[in-house]
> 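The structure that follows is given in the form of structure tokens.
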Amino acid sequence: MAKILYVYNDQVYANITNKCDCACTFCIRSQMDGVGDAETLWHTQEPTLEEILAAIDAFDFTGYREFVFCGYGEPTCALENLIASARYVKEKTGLPIRLNSNGLGNLYHKRDIVPELAEVIDSISISLNAPNAEEYNKVTRPSFDNAYEAMLDFAEECGQKLGHTQLSIVDVLSEEDQKACQAIADKRGVHLKIRKFEQGA
Ligand code: SF4
């Protein structure tokens with residue numbers, strides 16, 4: 001059975017959905033079934049809110065420093081469960097709560113979800129992946145035509161409403177592309193995180 005909560009280093013990760021509106025060429029889901037202490041992160045059925053809260057109740061949070069919504073899917077595709085479980089974890093543990101996202105939540109839900117996220121999420125990391133729409137579409141293969149611009153608008157709004165917002169890229173991009181990504185992040189008023197590329201991550 002797939003894990004809803006799993007651990008990696010000193011963080012607790014929540015795998016609340018396998019739905020996603022992208023098909024990234026580098027997605028870890030196509031390379032391995034699990035991460036950290038989870039053998040598989042593929043759910044046989046989408047977890048219900050009751051199941052997510054039960055997993056949180058059963059978990060010993062002692063010694064962990066952050067709770068991260070991530071997993072084998074895009075957490076904002078399960079928005080109601082994301083908001084409710086984030087609120088529950090915050091009340092129960094007081095841990096900082098981070099969301100790793102593709103930044104397409106407003107497109108997916110056809111409305112502005114950032115104010116709801118801002119109520120319960122402390123920080124967000126949004127995959128920028130590329131310095132322009134053409135490259136972005138090639139690597140993330142989103143379900144929407146205008147995904148790149150919408151993702152950047154989403155990031156900018158998160159930058160205004162959440163405690164911390166970052167756009168992320170990996171260091172396989174050329175120096176020129178990294179500089180272009182830095183300029184985009186600066187223009188949108190958010191931090192740029194350049195992650196080290198790790199096979200399978
Ligand atoms: S957005 Fe995340 S979960 Fe979805 S395909 Fe891309 S890497 Fe995988």
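We count residues from 1, following the sequence as given. Start at 1 and go down the list; that is how both ligands and their atoms are numbered. All values below were derived from every heavy atom in this structure, side-chain atoms included, with hydrogens, water molecules and symmetry-related copies excluded.
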> Closer than 4.0 angstrom, basic N to acidic O: yes or no for Glu157 and Lys161?
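Looking at Lys161 together with Glu157, the answer is yes, because their closest N to O distance falls below 4.0 Å.
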> Is it true that a side-chain atom of Arg65 and a backbone atom of Val12 form a donor plus acceptor pair closer than 3.5 Å?
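Flag not set: sc Arg65 to bb Val12 has no pair under 3.5 Å.
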> Which atoms form the tightest heavy-atom contact between Asp177 and Leu173, and what is the distance?
CB-CB, 4.0 Å
> Could you tell me if Thr76 and Glu74 have a donor-acceptor pair between their side chains, going purely by distance under 3.5 Å?
yes
> Side chains of Thr62 and Asp60 only: does a donor on one sit below 3.5 Å from an acceptor on the other?
yes
> Name the orientation class of the two ring planes belonging to Tyr8 and Tyr13 (parallel below 30°, tilted from 30 to 60°, perpendicular beyond 60°).
perpendicular
> Near atom 6 (Fe) of ligand 1, which protein N/O/S atoms fall under 2.8 Å?
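For atom 6 (Fe) of ligand 1, the protein N, O and S atoms that sit under 2.8 Å away are Cys24 SG.
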> Is atom 2 (Fe) of ligand 1 close to the protein, meaning a heavy atom under 4.0 Å from it?
no
